Amino acid sequence: MGIRFLGKGYSRIGKNLMVAAIFTSLLLSFSFNAVAATKASHEAEEQFDISKFIPQKLAKSTIEDEKLKTAVAYGVLETVLRVMADKDSEWADLFKNGKLDIKKIVPILDTDDNLSQVMLGYETGYLIVDADNGNLIQFSYGLLDDEYFAESDAVYVDGIEHFSSNNGVVKDGSKEGKKIEEVKTEAKKLGEIKRESIPNKKWELDMELRDSVLQGYGSNEGTSRNNYITDPVVWLTNYYGSGKGVVLNQQYSLNVPEIDQNSYSGANNCALVATLEIMGYYQYPAITQTQRNTAYTAMKNSSLYSSGSGVLPWDNNNLFKVAVDAVGSPWNVQNSSDDDEATVVQDPYNLLYNKLQTYGPGYISLNQVPYTNHTVTIKGVQDYSVYWWTAQGAYYSYLESFAMINDHWTANTPTTAYLSLAGWGQSTWYYTFINVN
């Protein structure tokens with residue numbers, strides 16, 4: 001599918017100029033929540049990490065990190081071109097409202113296990129680009145099958161056909177059921193035509209410009225309360241601007257083990273993983289992997305969960321009961337009728353502080369960028385003061401508070417993400433704290 005709106009004029013515009021034009025459109029799209037017009041600090045520049053978007057099993061299938069980053073940048077530029085070319089599309093609408101966020105990055109290998117293509121997955125739809133020259137391969141506004149990628153060891157392309165493997169066996173396509181090594185051997189015997197390196201690439205990206213594109217589209221902290229926040233101090237400094245002081249007034253946190261939800265099969269399994277984390281807190285480190293697996297299987301097979309919609313927020317405590325009842329000892333029979341759950345919050349910081357002290361970690365289910373239809377584990381709160389003096393000597397200060405969470409996306413680095421509690425009113429947040437019987 002070509003980018004028709006460029007027409008013949010594209011050949012008369014230098015590729016560097018075209019990249020700059022697209023990147024400028026990113027910087028000037030203020031409604032686009034992930035864009036920062038300035039680079040406040042080197043620390044903030046380093047926040048965007050594409051690795052957290054790659055399903056855990058697929059992350060092991062490629063080590064071509066720099067090539068992968070460049071390919072993702074190609075995909076970002078092609079995505080913006082799609083938005084510009086089809087202004088009535090769902091992507092364009094999401095882009096205008098700052099919600100066209102990358103949800104998944106899938107490295108696609110050739111039959112020699114070299115990175116060949118990269119797929120960027122969004123809330124709706126996906127886009128695939130050639131990793132070598134940046135050409136658009138295909139795109140779709142349809143939904144992705146999250147479970148398909150979570151259960152795949154690697155995704156391949158052979159000619160125009162895409163397929164994946166699991167435990168060394170091809171899962172789909174014309175080669176379904178064959179061993180992947182057999183498929184690779186056959187490709188070599190057939191004298192598969194190797195793609196030559198194409199020096200005249202569609203996009204001319206040096207490393208600095210590539211990283212700027214990624215950062216512009218990625219998670220520059222401090223442009224929105226809906227940012228993916230990994231460091232409150234960095235976020236506050238960027239949000240309020242340079243020259244402001246930031247002081248931590250108070251915090252309360254619990255040691256809650258984090259689990260990557262990609263390590264368990266099943267789509268929309270965030271509430272299941274949050275349950276395992278909460279169980280791990282109460283029995284840490286006594287709970288065994290066998291017990292976790294038993295609990296997870298019971299939850300996945302229960303009527304409370306479906307791969308299409310996950311778990312309803314008001315069923316999180318019932319889900320906990322299913323899990324601990326399946327494990328049995330050391331838990332007694334769990335009564336879910338006396339758990340603490342609600343949606344309306346007048347003073348979120350103090351409320352959550354008290355709940356954490358009383359019950360331990362809990363669930364927060366929310367529908368707010370970057371956590372759309374997601375359940376996280378709340379494990380602490382932090383309260384900050386941001387202060388400064390004006391040139392005339394006037395003093396100003398603001399209080400800002402955050403929930404400390406396991407989002408199940410960052411089990412390796414960092415281990416804690418944050419929610420701005422001032423953003424609480426932007427959508428419905430449902431909290432559940434378990435009264436362990």
Side-chain angles (χ1 to χ4, degrees), residues 1-6 19 22 50-55 57-59 61-62 64-86 89-92 94-95 100-165 170-175 180 183 187 192-198 201-203 205 210 213-214 217-218 267:
M1 299 183 183
I3 310 299
R4 289 177 292 176
F5 86 99
L6 289 174
V19 172
I22 297 299
I50 65 175
S51 65
K52 69 173 178 281
F53 299 105
I54 305 175
K57 294 177 73 175
L58 293 181
S61 67
T62 180
E64 298 177 81
D65 293 339
E66 295 303 318
K67 184 177 180 180
L68 179 60
K69 288 180 183 178
T70 300
V72 172
Y74 291 152
V76 166
L77 294 170
E78 288 294 336
T79 298
V80 178
L81 286 180
R82 288 309 317 157
V83 169
M84 294 168 65
D86 190 358
S89 69
E90 186 170 359
W91 282 9
L94 290 169
F95 186 92
L100 187 60
D101 298 320
I102 297 172
K103 301 295 184 182
K104 194 182 303 296
I105 294 175
V106 177
I108 301 174
L109 311 180
D110 61 22
T111 52
D112 286 329
D113 289 319
N114 298 313
L115 182 66
S116 178
Q117 300 172 2
V118 171
M119 184 187 80
L120 303 187
Y122 298 95
E123 187 70 26
T124 58
Y126 65 90
L127 177 146
I128 299 176
V129 294
D130 189 293
D132 288 314
N133 56 48
N135 286 329
L136 177 67
I137 303 299
Q138 66 184 64
F139 72 93
S140 170
Y141 297 136
L143 293 175
L144 286 175
D145 184 349
D146 290 336
E147 190 166 356
Y148 174 86
F149 296 105
E151 295 179 349
S152 298
D153 296 326
V155 177
Y156 294 91
V157 60
D158 184 16
I160 61 172
E161 182 181 15
H162 293 94
F163 56 90
S164 69
S165 66
V170 177
K171 293 171 54 178
D172 53 326
S174 64
K175 304 169 180 64
I180 187 61
V183 172
E192 183 184 29
I193 299 175
K194 304 300 180 184
R195 296 182 309 160
E196 295 182 0
S197 176
I198 303 176
K201 296 180 179 179
K202 183 172 185 179
W203 305 103
L205 293 179
R210 178 202 69 184
V213 170
L214 291 177
Y217 199 94

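Predicted, not measured: the structure shown is a model, and the values here were computed from it.
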For side-chain contact (heavy atoms from CB on, under 4.5 Å), just list the numbers for Thr124 and Leu143, CA-CA rounded to whole Å, side-chain angles, deciding distance to a tenth of an Å, and then say yes or no.
CA-CA 5 Å; Thr124 58; Leu143 293 175; 3.9 Å; yes
Treating Glu78 as the side-chain partner and Val129 as the backbone partner, does any N or O pair qualify as donor plus acceptor under 3.5 Å?
no
Taking Val170's backbone N and O only, do any of them form a donor-acceptor pair with Lys175's side chain (distance below 3.5 Å, no angle check)?
no
Using the rule given for side-chain contact (heavy atoms from CB on, under 4.5 Å), can you reason through Asp86 versus Trp91, listing the C-alpha separation, both sets of side-chain angles and the distance that settles it, and then say yes or no?
CA-CA 8 Å; Asp86 190 358; Trp91 282 9; over 6 Å; no
Quick one: pull up [atom1] in [X] and [atom2] in [Y] and give me the separation to the nearest 0.5 Å.
X	Y	atom1	atom2	answer
Ile105	Leu68	CD1	CG	6.5 Å
Asp153	Ile180	CG	CD1	10.0 Å
Leu109	Asp113	CG	CG	5.5 Å
Leu120	Ile102	CG	CD1	5.0 Å
Asp132	Tyr74	CG	OH	8.0 Å
Asp158	Ile108	CG	CD1	13.0 Å

Test side-chain contact (heavy atoms from CB on, under 4.5 Å) on Met119 and Leu144; report intermediate values, then the result.
CA-CA 11 Å; Met119 184 187 80; Leu144 286 175; 3.8 Å; yes
Whether the Asp112 and Asn114 side chains hold a donor-acceptor pair (N or O, under 3.5 Å, no angle test) is what I'd like checked.
no
Check: Phe149 and Val155 side chains under 4.5 Å, non-hydrogen atoms:
yes
Residue pair [X] / [Y]: nearest heavy atoms and the distance that separates them:
X	Y	result
Glu161	Ser174	OE2-N, 2.7 Å
Lys103	Tyr122	CG-C, 3.8 Å
Ser116	Asp110	CB-N, 3.8 Å
Ile137	Asp130	CG1-N, 3.7 Å

Quick one: sort the Tyr156 and Phe163 rings into parallel, tilted or perpendicular, breaks at 30° and 60°.
parallel
Any chance you could lay out the side-chain contact (heavy atoms from CB on, under 4.5 Å) test for Tyr126 and Val106, step after step, and finish with the verdict?
CA-CA 10 Å; Tyr126 65 90; Val106 177; over 6 Å; no
Taken in chain and number order and not counting sequence neighbours, the residues that satisfy side-chain hydrogen bond (donor to acceptor under 3.5 Å, both in side chains) with Ser164 are Tyr148, Ser152
